*Asks:* 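Take this structure first; my questions come after.
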Amino acid sequence: MKKKFLPRHCEHSEAIQPKQTFLITHWFGILMSMFVIIIILYCTAILLSPRVDSKNRGFIPCSQKLLTDIYSCQNKVGCTIKAALNNTACDFKIMGQGISLWIKGEQGAPWSNYIFEPENSELRQDLEQIKKLNKELENEEE
């Protein structure tokens with residue numbers, strides 16, 4: 001029989017042990033797992049969102065502010081970390097707005113305000129010119 005470490009007044013009596021549930025035993029691991037999942041979802045949303053849009057939607061204003069803030073920091077570590085944290089807060093604010101718009105029924109999905117088809121008239125014009133040039137080159141070869 002394993003010896004239990006009990007207070008002196010309980011050494012000879014059976015101690016009442018609290019029931020060890022899964023949640024009580026693994027609370028820290030569950031908490032850290034939820035944190036990691038949130039970070040993975042955040043990074044995925046940032047990676048899937050467009051970088052250029054003529055209407056400046058989604059995370060683009062946050063990224064532009066991050067760029068100006070870091071440039072103004074002039075290699076100061078504390079200032080750079082503060083700018084990065086402010087950018088993260090801005091990104092989560094955009095995500096929160098998407099969820100609230102979705103709940104209100106103003107958009108089809110919670111991610112519709114930051115994962116979308118970008119509108120960039122200059123880029124489309126350039127792509128159309130490239131397609132025309134490509135067709136012309138193909139016609140010349142034949």
Side-chain angles (χ1 to χ4, degrees), residues 1-7 9-11 13-142:
M1 181 173 177
K2 292 183 181 177
K3 184 175 182 180
K4 296 179 185 177
F5 295 99
L6 303 172
H9 67 278
C10 295
E11 277 187 22
S13 63
E14 284 294 317
I16 300 173
Q17 295 290 328
K19 186 175 180 183
Q20 294 292 321
T21 63
F22 182 80
L23 190 60
I24 291 173
T25 308
H26 297 78
W27 69 270
F28 186 74
I30 293 169
L31 188 67
M32 292 308 296
S33 298
M34 289 172 44
F35 178 74
V36 168
I37 288 170
I38 289 170
I39 296 298
I40 288 171
L41 292 174
Y42 167 75
C43 292
T44 303
I46 297 294
L47 290 173
L48 292 177
S49 66
R51 305 285 183 269
V52 178
D53 183 48
S54 61
K55 294 182 179 179
N56 231 12
R57 299 176 290 172
F59 299 123
I60 296 169
C62 297
S63 299
Q64 290 173 346
K65 185 173 181 334
L66 174 67
L67 179 67
T68 57
D69 288 350
I70 288 180
Y71 184 74
S72 67
C73 284
Q74 298 179 354
N75 295 330
K76 295 179 184 171
V77 176
C79 180
T80 304
I81 290 172
K82 183 179 177 185
L85 291 174
N86 287 339
N87 179 63
T88 304
C90 181
D91 291 342
F92 276 113
K93 181 180 173 187
I94 297 291
M95 290 178 175
Q97 288 173 352
I99 292 170
S100 68
L101 290 173
W102 176 62
I103 290 171
K104 292 176 187 175
E106 296 178 16
Q107 65 185 29
W111 52 83
S112 295
N113 66 329
Y114 52 88
I115 299 177
F116 53 86
E117 189 69 33
E119 292 182 17
N120 192 342
S121 57
E122 294 174 10
L123 184 61
R124 287 188 181 179
Q125 290 172 355
D126 290 343
L127 285 174
E128 288 174 11
Q129 284 180 334
I130 291 171
K131 286 179 182 179
K132 286 179 185 177
L133 288 172
N134 191 23
K135 285 181 182 180
E136 289 175 7
L137 289 172
E138 287 177 356
N139 290 336
E140 287 178 5
E141 288 178 2
E142 293 175 358

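It should be emphasised that the depicted structure is a prediction, and the values quoted were computed from it without experimental measurement.
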*Asks:* Taking F59 as the fixed residue, which of F116, W111, Y114 is the one that meets the ring pair (Phe, Tyr, Trp, His ring centres under 6.0 Å) rule?
*Replies:*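 One option only clears the test, and that one is Y114.
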*Asks:* Per the side-chain contact (heavy atoms from CB on, under 4.5 Å) rule, which among L47, I40, L41 passes with T44?
*Replies:*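 Among L47, I40, L41, the one that satisfies the side-chain contact (heavy atoms from CB on, under 4.5 Å) with T44 is I40.
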*Asks:* Which class fits the ring pair Y42 and F92: parallel under 30°, tilted 30 to 60°, perpendicular over 60°?
*Replies:* parallel
*Asks:* Let me confirm one number: the CD1-NZ distance from I70 to K65, rounded to the nearest 0.5 Å.
*Replies:*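 The distance works out to 10.5 Å.
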*Asks:* First locate atom SG of C79, then atom CD of Q74, and finally report the distance between them rounded to the nearest 0.5 Å.
*Replies:* 9.0 Å
*Asks:* State which residues pass salt bridge (charged side-chain N to carboxylate O under 4.0 Å, His left out) with K93; sequence neighbours excluded, sorted by chain then number.
*Replies:*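 Not a single residue meets the salt bridge (charged side-chain N to carboxylate O under 4.0 Å, His left out) criterion with K93.
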*Asks:* Enter the distance from N86:CG to L66:CG here, rounded to the nearest 0.5 Å.
*Replies:*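 Interatomic distance, N86 CG to L66 CG, rounded to 0.5 Å: 9.0 Å.
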*Asks:* So, N139 side chain and K135 main chain: donor-acceptor pair closer than 3.5 Å or not?
*Replies:* yes
*Asks:* Looking at S63 and N87, what are the two nearest heavy atoms and their distance?
*Replies:* N-OD1, 3.9 Å
*Asks:* When you look at CG of N134, are more than 12 heavy atoms from neighbouring residues, nucleotides or ligands closer to it than 6.0 Å?
*Replies:* yes
*Asks:* Drop me the distance from R57's CZ to S112's OG, to the nearest 0.5 angstrom.
*Replies:*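 Going from the CZ atom of R57 to the OG atom of S112 covers 10.5 Å.
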*Asks:* Atom CD1 of I60 and atom CD1 of I94: how far apart are they, to the nearest 0.5 Å?
*Replies:*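 The CD1 atom of I94 is 10.5 Å from CD1 of I60, to the nearest 0.5 Å.
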*Asks:* For the atom pair CD (Q107) and CG (N113), what is the distance rounded to the nearest 0.5 Å?
*Replies:* 4.5 Å
